[in-house]
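Worksheet: the structure to be examined is printed underneath.
Each chain gets a letter, A, B and so on, in the order its sequence line appears, and its residues count up from 1. Heavy atoms only: backbone and side chains are in, while hydrogens, waters and symmetry mates are out.
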Amino acid sequence: MTDAAATPPAGDADEGALPKAYDARAAEAHWYRVWQDAGVFTPDVAAVQAGRQRPYVIMMPPPNVTGSLHMGHALFVTLQDILTRTHRMRGEAALWLPGVDHAGIATQTVVERELKRHEGKSRHDLGREKFLERVWEWKEKNGSRIVEQLKAMGASADWTRERFTMDAQCNRAVKEAFVRMWRDGLIYRGERLVNWDPATGTGLSDEEVEHEEKDGELWRFAYKVKGGGPLNAKSFPSPQHDDGRAATVMLPADDALEIVVATTRPETMLGDVAVAVHPEDPRYTALVGRELVHPFFPERKVVVIADAAVDREFGTGAVKITPAHDPNDFEMGQRHGLPMINIFTLHAATNENAGVFEGFDRFLARKRVKAALEELGLFRGTSPIKHNVSVSQRSGAVIEPLLSRQFFVKTKRFAEQALSIVERGETRIIPEWWKKTWDHFMHNIRDWNVSRQLWWGHRVPVFYDLTKIDEVIEADANRKGTNTAAVKAQADGVRGRELLRIALSTLDDELVMKLAVASTDELEQQDPERWVQEEDVLDTWFSSGLWPFSTLGWPESTHDLKAFYPGAVLETGSDILFFWVARMVWMGAYFLGRSPFADVFLHAMVRDGAGKKMSKSEGNAVDPLDVIHGIALPELLAKTKTYPVPEKKLAAVLKAIEKEFPEGIPAAGADGLRFTLAALSAHGRDVKLSIPRAAGYKAFLNKIWNATRFVLMRVGDAPVPALAEVRDQLSLGDRWILSRLQRATRAVSDAIDAYRFDEAANAIYQFFWSELCDVYVEITKGAIDKPATRATLLHALDTSMRLLHPLCPFQTEEIWQKLPGRDARWPSTKFCAVAPWPTPDLALVDENAEREMAVVLDAVTMARNVRQESGLGPRAPVKVDLVTQDQDVFAILGRQSALIALLAALSEVNRATSAGYQAPRLSGTQSNGVLDVVVHLEGLIDVDKEKARLQREIERAQKDKAGLEKRFANEDFVKKAPPEVVAEGRATMAALDEKTARLGAALGRLG
RNA sequence: UGGCUCGUAGCUCAGUGGUAGAGCACUACCUUGACACGGUAGGGGUCGCUGGUUCGAUCCCAGUCGAGCCAACCA
C-alpha cells in the first residue's frame, strides 16, 4: 500500500465533498499508477500452486510493435479487462499477460522506409546485421507507444510479465518448437508455388492473402498447331526498342489449324508449356496430343493435354498452362509431368526466360505481349470479366504465384487435433456458430508455409553442413546427370557458402534435407567453417502460436507454466481465428498436450457510425484517444489530413467528418469509451461506434458522480451502521432497492460469465439510473436521517461501484475510495479494484416488497400523468383519492400513502374502497383497472384537456380489449392454450373493462 | 459458388412462441439544495417480404429480397 492511494487527485478542495465535476484525466492517470505501484495486477503464483487461489488467465493478443491504438484494440482491452477485473475481484489469481508482437513484414517495412527517407539507403546497403540493429533501435524507441496507450485504456495487465515475441525467452521457445517439430518429421522443405508479395519480397501464407473482386478482361489468342505446313517469317515491334525496330519469328500460315485460349494474364504465356482441354470436349479431341507452336519460343515443346479439371463452358474451353505461375496450372503440371518455366524475378519483372520480353514489370510485359500477339495476327478478341485478384494483406500488392523453395509445416495432424478439441468441448468457441467455420477451415487446410524472406524475425534454426555438400551434389548429379548448375559451379572452383547457395536453389529438396540440421544451438557461431544457417526467418504467426506458453517460460517447466497453463479464455477478433487462434491450439495441444484455453470468445469488428470498416486510408478511423480526451473539429480535420487518404477522396472525407461531428468529439473518458464499447458489443453484430451513444453513456457516468455527491453531502461524516445491524428497521423503499440490487447483481454477474457485455452494461445502467436514482434516492430525500436508510443507500452505492468497476475502473475507484465509512466496512481492502465481487444475497430478495412497490410506483405514475396532462403546474398543491376494490391494494395504500405523496409531490392522499366512493365533479382520473387515481381539480383544471386525455385513455383501453377479444373468439385458444395464459387474458380483459368504466364515469362527471 | 451473420421506433441497437423494449433524437412542462451530461409526462413500430407449422409467429421452418463477413473459384 502506498501513500498515493490516500492522496486525492489534483483539484480536490472540499473536505468530504466531491468536486462538482469528475476530472477523468486526473483520476485515470492517478489510479493507474497507484494500482500498478501496489502490484494489484500481478497475481500470486505461490497461492495458485498452494491451491489457495484459482488461476484465471487471459493471454493478451499482442498488438504489433508498429501499431498505435485503434478501436479494435480499444474493444479487446475493454472486454478482456472486464473479464480480468471481475475474476480478480472474485478472489482468483487473475493473470492478464500482455505483450507486443514483432510483426515481421510490418516492422521491417517501417524501418526500411525510414532508412530510405532519412539516409537514402536500402537494407541491403546496410547488410543484415546492421539493419537488424536499426530495427531493434527503432523498437526500443517506439515500441512502448502502444503499451502506454493500452494503459490509458485502463488495462489491468501484469506488466511485470510483459513479453515481446522476439525477446530471448520467446526466441528460445521458437527454436525449441521448430526443432521438435523437425525431429518429428512435421517440417519439410519444398519447391512450391507460394504467394509471393513482390512489394515486400517475401512469400506469404495462404491466410495473409486477400481476395478483391476486380474488373478485368478475358483476352483470347491462338496457338497454331505444329506440322500443319511451312513456317513463314513474321515480325512484330521489338519490345526492347521503341524506335520501330522489329523482331522476327517463324509461324505457320494464317489459315493453319489453331487452338484459341482465353486468359486474364496474357504475359504469362511466356511461360506456357501446354494447353489443356476437357477430355470429352468434342471440339478438341482431335487435337489432344498435338504439339503447338509457341510464337516466341519455337523450340519449346507445347502440347495439347486432356484434363477433366478444365471447365468446358468457360472461355474457349481451352486453357493455357503456365505451371510456374498459377496454382491450378501447377497442379495440372504435376499431374502431366510438365516442366515449369519461371519467367519472373522476385520483383515480378520478367527474367531471362522471357526472351525478348525480359526486363519488364509484369504489367508492362502484359502490354508488350499483347501488342506482339496482335501484330502477329494471333489475337482473337477480348471480353470483360469480373474476377478475384489476390492481394497481399500487408502491402496491398497483387500477389504473384511464384515457384520457390520454402519450409512447410504439415498441418494434417494439427488440424485433426484441433477439430477434436473443439468437438469434445475441451475448448468452446463463442459465439458457437464459429465452430462451423472452424471445422470447415480445419478440413480444408493446406500445409503452412512458415518461411519468410525477411530479415526481421526468428531466423529458421536450420543449419546446412558444408562438409556434406560435395556428396549431396554428387547424389543429385547421379539422378539428373552432370549438367547441373551445382556441378558446373564445382568445376569452376566454386566452394563453400557460394556453392551452398547454388545447391540450395537447384538441388532436389530431399537431398537438401540431407545436409540440413535443425538445432537450438547456434551452430554457425560455433563452427562457421562447417555450418551455415538458413537465411529465411519464420512467419510471425509461428511465434504467436507459442504465445500461451512461451510467455510462461516454456520449454522450462516454470512455476508460471504450471500455475497458469492452460488459460481460461482467449478473446480476440474473429478475423484472426485462423491466423492465430488455430495455431495456438495446434501448438498448445502438440507441445503441452492440452488446448491453451477453455474458451475462445470472438468479438466483432468495430465499424464507424455508418457501418463502414474503420480504416485510416478511408479517413473514417476514429482514434480511441480522441474519444477519451475529446477533440475539436479543426484538430480532427487536421489529423485526418495526416492519414493516407487518397487525394481525390480527401475533400469528401473531410466534409463527411464535418457533418458527422460538427462539434468535434466530446470527451467520454476511458470509462466512457469502455462502457460504450461494452454496451455495443452484442454477439453476432459488428460494433458500430456511435458517438452520440458514447455521449449518452458519459451522461450516465455524470449521473453516478452526482448521485455520489448527493450521498456525500447528505450523509456526510455521520456514522453509518452496517446493513446487518439495521435489518429489522428497513422501510419498504429500503427493502425494495436491496431486492432490486440483488437482481442487478445476478444479472451483471451472469452476463459477464456469458460474455454478454452488452447485457452487463445495460443491467447496471438500468438499475443505477432508473431504480437507484430515479426512485430510491428520491425516497431517501425524506428519510436520509434514518440509520437504516443511510446504511441501505451506502450499501447500494458501494455495491454498484463494485459491480460497475470492471467496466469503468477509474471513476468507480475514485468514488469508492471516498464513500463514507469505507475503512470501517473494508478494513483490509485498499482498492475497489480488489474489493470483493458482489454476490446476490437471496435473503434480501423480497418479492413482497417488489409487489408492493409496483403498486406504489403505478399510483405515482398515474398521479403524475393526470397532473401533467391536465396542465397542473409541478408545484400546485394536489389532492388525490386512491380508490380500489382490491383488498391487498387497499392495505398497501394504507401503509404507503405517504410514500406515494412524496414521490408524486401530492399535498394530500386519501384512500377509499370503490363501493360508495363519490368522486368530486371536477376531477381528473387515471385507472389501471384495479386502482383509480382521482385528482381533485377544483380551480386548477383545464377541463377540455382533461376530457381529451380521458378520451384517449378510453380508446386505448378499448383497442387493447379488442385485441384480446379477437384471441378469445378463436375457440381453439381456450381449448389448447395453457390455462394460465387463458386466465391471464381473462383478467386483463376484466381490468380493461373496469378501466373503461371508471374513465367513462369520470368523463361523464366533467359534463 | 458455398458457409455464416444481420434486416425490430428517425438513428444506434436489445429482446421473447402469448397484445413489442432501451439509449439518443422528438413533443410538452419544469432551473425543486445531487445532477439541464438533469427531472416528469408524452408521441412514434403492419418486428424486410411471401408462404408454412401452431390455438397463437417478430420469435420456429421453407423460400425470397437486401446488407455484411468468411472460405473457395472459371484460366
Chi angles and distances behind the side chain to side chain donor-acceptor pair (under 3.5 Å) call for A/K320, A/T322: CA-CA 7 Å; A/K320 57 187 271 317; A/T322 324; 3.0 Å; yes

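- For RNA chain B, the stems formed by at least three consecutive Watson-Crick or G-U pairs, with both atom-pair distances below 3.5 Å, span B:1-7 with B:65-71, B:10-13 with B:21-24, B:26-30 with B:38-42, B:48-52 with B:60-64.
- A/K436 forms no cation-pi arrangement with A/F441, by the criterion of a distance under 6.0 Å to the ring centre and an angle within 45° of the ring axis.
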Intermediate values then yes/no, side chain to side chain donor-acceptor pair (under 3.5 Å), A/N706 and A/N702: CA-CA 6 Å; A/N706 282 295; A/N702 182 59; 3.3 Å; yes

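- Listed nucleotides: B/A71, B/G23, B/C55. Nearest to the side chain of A/H440: B/A71.
- Nucleotides B/U32 and B/U40 have their P atoms positioned 15 Å apart, rounded to a whole Å.
- On the C1' atoms, B/G18 is 28 Å away from B/U5, given to the nearest whole Å.
- Whole-Å rounding puts the A/E980 CD to B/G17 C1' distance at 13 Å.
- Using bins of under 30°, 30° to 60° and over 60° for the plane-to-plane angle, the ring pair A/F601/A/Y755 lands in the parallel bin.
- Between the P atoms of B/U19 and B/C26, the separation comes to 32 Å (whole Å).
- The gap from the P atom of B/A20 to that of B/C24 amounts to 23 Å, rounded to the nearest Å.
- Looking at A/R756 and A/D758, a side-chain N of the basic residue comes within less than 4.0 Å of a carboxylate O on the acidic one, giving a salt bridge.
- Between the side chain of A/D307 and the backbone N or O of A/V310 there is no donor-acceptor pair closer than 3.5 Å.
- Not counting sequence neighbours, the partners of A/R446 by the salt bridge (Lys or Arg N to Asp or Glu O under 4.0 Å) test are A/D206.
- What separates CD of A/Q766 from P of B/G23 is a distance of 7 Å, to the nearest Å.
- Both A/N762 and A/K320 lie near RNA chain B, and the one whose nearest nucleotide falls closer to the 5' end is A/N762.
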Summary of protein contacts for nucleotides 34-48 of chain B, nucleotide by nucleotide, where a base hit scores B, a sugar-phosphate-only hit scores S (4.0 Å, heavy atoms): BB-BSSBSSS-----

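- Summarising the geometry, the separation between CE on A/M442 and P on B/A71 is reported as 13 Å, rounded to the nearest angstrom.
- Within the 4.5 Å cutoff, no side-chain heavy atoms of A/D326 are placed close to those of A/M332.
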What does the list of N/O pairs under 3.5 Å between the protein and nucleotides 56-62 of chain B look like, with a distance for each?
none

Derivation of the side chain to side chain donor-acceptor pair (under 3.5 Å) call for A/Y697 and A/D671: CA-CA 9 Å; A/Y697 290 126; A/D671 289 332; over 6 Å; no

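- A salt bridge is absent between A/R952 and A/E955; no separation between the charged side-chain nitrogens and carboxylate oxygens falls under 4.0 Å.
- Between the C1' atoms of B/C60 and B/G17, the separation comes to 8 Å (whole Å).
- Counting to the nearest Å, the C1' atom of B/C70 and the CZ atom of A/F441 are 11 Å from each other.
- A/M989 CE to A/L964 CG: the interatomic distance, rounded to the nearest 0.5 Å, is 6.0 Å.
- With both ends at atom C1', the span from B/C6 to B/U64 equals 16 Å, rounded to whole Å.
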Close N/O contacts between protein and nucleotides 3-5 of chain B (under 3.5 Å):
| unit_1 | atom_1 | unit_2 | atom_2 | d |
| --- | --- | --- | --- | --- |
| B/C4 | OP1 | A/K436 | NZ | 3.2 |
| B/U5 | O2' | A/G684 | O | 2.6 |

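- In this structure, A/R756 places its CZ atom 18 Å from P of B/A22, rounding to the nearest Å.
- Checked against B/G18, B/U12, B/C55, the side chain of A/P978 finds its nearest nucleotide in B/G18.
- Taking atom CG on A/L689 and atom C1' on B/C11, their separation rounds to 14 Å, with Å as the unit.
- Taking the C1' atom of each, B/G42 and B/G3 are spaced 47 Å apart, rounded to whole Å.
- Summarising the geometry, the separation between CZ on A/R986 and C1' on B/C55 is reported as 14 Å, rounded to the nearest angstrom.
- Scanning for salt bridge (Lys or Arg N to Asp or Glu O under 4.0 Å) contacts around A/R693 gives an empty result, with sequence neighbours left out.
- Comment: A/E217 engages A/K370 in a salt bridge, judged by a side-chain N to carboxylate O separation of less than 4.0 angstrom.
- Classified by interplanar angle (parallel below 30°, tilted 30° to 60°, perpendicular above 60°), the ring pair A/F675/A/Y765 is tilted.
- One can place CG of A/N195 at 10 Å from P of B/A72, the figure rounded to the nearest angstrom.
- Using a 4.0 Å heavy-atom criterion, one finds that A/A262 contacts the bases of the nucleic acid, with or without backbone contacts as well.
- Checking A/F768, A/F700, A/F710, A/Y22 one by one against A/W705, the ring-ring contact (aromatic ring centres under 6.0 Å, His included) holds for a single residue, A/Y22.
- When the C1' atom is used for both B/A9 and B/C47, the distance is 10 Å, rounded to whole Å.
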